[in-house]
There are 2 protein chains.
Amino acid sequence: MKKRNSRYHHGHLAESLLDAVDEIASQFGIEAVTLRGCAKRIGVSPASAFRHYADKRALLTVFATRALNQLADAMEVAMLQAQEEGGDALHAVCMAYVRFALTKPAFFRAMWREEMIYSRDADYLAATERLAGYLQEGFVKTIADEDPCDFSPQELLAWSAVHGLACLFVDGPVAREKEREDKLQLTDTVLRQLLPVFSQ
Amino acid sequence: MKKRNSRYHHGHLAESLLDAVDEIASQFGIEAVTLRGCAKRIGVSPASAFRHYADKRALLTVFATRALNQLADAMEVAMLQAQEEGGDALHAVCMAYVRFALTKPAFFRAMWREEMIYSRDADYLAATERLAGYLQEGFVKTIADEDPCDFSPQELLAWSAVHGLACLFVDGPVAREKEREDKLQLTDTVLRQLLPVFSQ
DNA sequence: ATTGTAAGTTAACAGCGTTTACATCCATCT
DNA sequence: AGATGGATGTAAACGCTGTTAACTTACAAT
């Protein structure tokens with residue numbers, strides 16, 4: 001399969017670099033991610049990264065895109081499961097959103113750090129749209145959506161609430177000392193406050 | 001008043017550094033803020049900053065605290081004005097929140113960038129509590145607050161919604177191409193969706 | 001076999017945060 | 001008024017960063 005005689009060519013450097021970002025960000029936070037550090041972890045020269053990414057920002061953009069898709073995956077799973085069990089799909093998707101932010105805070109931060117990524121990148125934008133799609137999908141059966149691309153006020157409120165809660169948990173002063181499960185419980189309670197908005 | 005004979009001692013270096021952060025962040029974003037850059041802008045040696053701040057993170061912490069208090073000031077003004085005019089104080093405070101984020105996005109980002117500041121700093125925490133206070137104040141007349149330090153689900157929902165909307169506008173893909181006024185109009189619409197939550 | 005190209009290396013650059021040793025000024029005490 | 005000590009600024013250096021340019025290696029197609 002792979003020829004390992006010569007160590008000169010790595011073979012999967014682009015992906016390995018992403019994995020290195022993954023590991024360093026998970027351990028030490030996204031601000032601690034360094035091109036040289038990633039290269040060293042893989043056992044490769046610092047300059048080699050530039051054969052695969054235009055600059056550090058491009059690498060972080062791909063990483064953010066990957067993280068977005070991981071979040072979207074989790075939301076999809078939650079949605080399908082809720083639909084199977086006849087539960088509230090929107091609620092399940094929102095809970096998955098916050099759960100991901102609490103489980104992988106560095107990934108969640110990287111997703112939205114506009115100054116660190118190329119936020120106009122096509123793949124990145126596609127990932128955000130996929131994400132938004134799962135949030136909207138909870139509404140299609142209750143509210144007639146005017147424009148599939150744009151958001152209804154209810155949809156935007158749902159996204160804002162869940163995104164704001166995740167951000168306040170991750171970077172803000174809310175429930176800083178509490179356990180993960182307590183935060184999820186709190187999330188559930190807060191989200192239930194939204195029910196009268198959607199069932200009027 | 002001030003002796004300007006000798007330029008050796010600056011006199012207001014600590015504040016001037018904060019102003020430099022202010023200007024550079026406003027022009028080029030918070031990620032472009034550099035200790036050396038701030039020092040050069042003031043006309044002072046790079047090392048001088050360390051007489052007043054333990055490290056860069058400490059400087060950014062004070063800057064974030066100042067920004068938090070500026071936001072809290074804006075919220076206070078909005079609240080008082082609404083109370084005078086008999087308007088909805090909570091709505092006014094929330095609108096001020098988003099308006100500040102849109103007007104000074106770099107400041108808003110700096111406030112919540114946990115990895116860039118010492119978020120356990122006493123002054124910083126006091127500023128966040130002051131901020132939270134104005135959001136809670138909109139509730140004191142409608143909902144009996146159990147614990148003034150903790151948040152009720154309604155209060156947390158309000159903060160989450162307004163914070164999430166601000167974050168999505170500033171760093172996210174929502175309404176990226178729209179004008180400031182359109183975003184504020186959208187904010188108003190979204191916030192009005194919350195009314196049934198508080199008036200049941 | 002030759003050769004072209006993709007993918008790696010090495011060495012260097014300027015700029016960064018930070019520290020250490022030194023210089024200067026100001027306030028205070030005789 | 002003169003000495004002195006602490007606060008405040010400077011200069012030079014450290015290792016680290018992202019990035020580039022010139023070079024080398026390995027594979028793939030002719």
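Note that these values count all heavy atoms, side chains included, but never hydrogens, waters or copies made by symmetry. A quick note: this is a predicted structure, and the numbers were derived from the prediction, not measured. Lettering follows sequence order; numbering is per chain, from 1.
- Side-chain nitrogen and oxygen atoms of B/Ser45 include at least one within less than 4.0 Å of the OP1 or OP2 phosphate oxygen of D/dT10.
- Rounded to whole Å, the distance from OH on B/Tyr53 to P on D/dT8 is 12 Å.
- Ring geometry for A/His163 versus A/Phe108: interplanar angle of 30 to 60°, hence tilted.
- At the phosphate of D/dA7, neither OP1 nor OP2 sits under 4.0 Å from any side-chain N or O atom of B/His52.
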Distances under 3.5 Å only, N/O to N/O: pair up the protein atoms with those of nucleotides 17-21 of chain C.
residue	atom	partner	partner atom	Å
C/dG17	OP1	B/Leu35	N	2.9
C/dG17	OP1	B/Lys56	NZ	3.4
C/dG17	OP2	B/Leu35	N	3.0
C/dG17	OP2	B/Arg36	N	3.1
C/dG17	N7	B/Arg36	NH1	2.5
C/dG17	O6	B/Arg36	NH1	2.8
C/dT18	OP2	B/Lys56	N	2.8
C/dA21	N6	B/Arg51	NH2	3.4

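- Evaluation of the salt bridge (Lys or Arg N to Asp or Glu O under 4.0 Å) test over residues 21-35 of chain B, restricted to residues two or more places apart or in two chains, returns B/Asp22-B/Arg66, B/Glu23-B/Arg41, B/Glu31-B/Arg113.
- Taking atom CD of residue B/Glu31 and atom P of nucleotide C/dC16, one finds them 14 Å apart after rounding to whole Å.
- A tilted orientation is assigned to the rings of A/Phe151 and A/Trp159, their planes being inclined by 30° to 60°.
- Distance B/His12 NE2 to D/dA7 P: 19 Å, rounded to the nearest Å.
- The separation between B/Leu59 atom CG and C/dC16 atom P is 14 Å, rounded to whole Å.
- What separates CZ of B/Phe28 from C1' of C/dG15 is a distance of 16 Å, to the nearest Å.
- Contacts of A/Asn69 classified as side chain to side chain donor-acceptor pair (under 3.5 Å), with partners at least two apart in sequence or in another chain: A/Arg130.
- D/dA26 atom P lies 16 Å from atom CG of A/Leu13, rounded to whole Å.
- Paired with B/Ser48 under the rule side chain to side chain contact (heavy atoms under 4.5 Å, CB included), one option of B/Leu35, B/Leu13, B/Ile42, B/Leu17 passes, and it is B/Leu13.
- Taking atom CD1 of B/Ile42 as the reference point, atom P of D/dT10 lies 10 Å away to the nearest angstrom.
- Rounding to the nearest 0.5 Å places OG of A/Ser152 at 7.5 Å from CD of B/Gln193.
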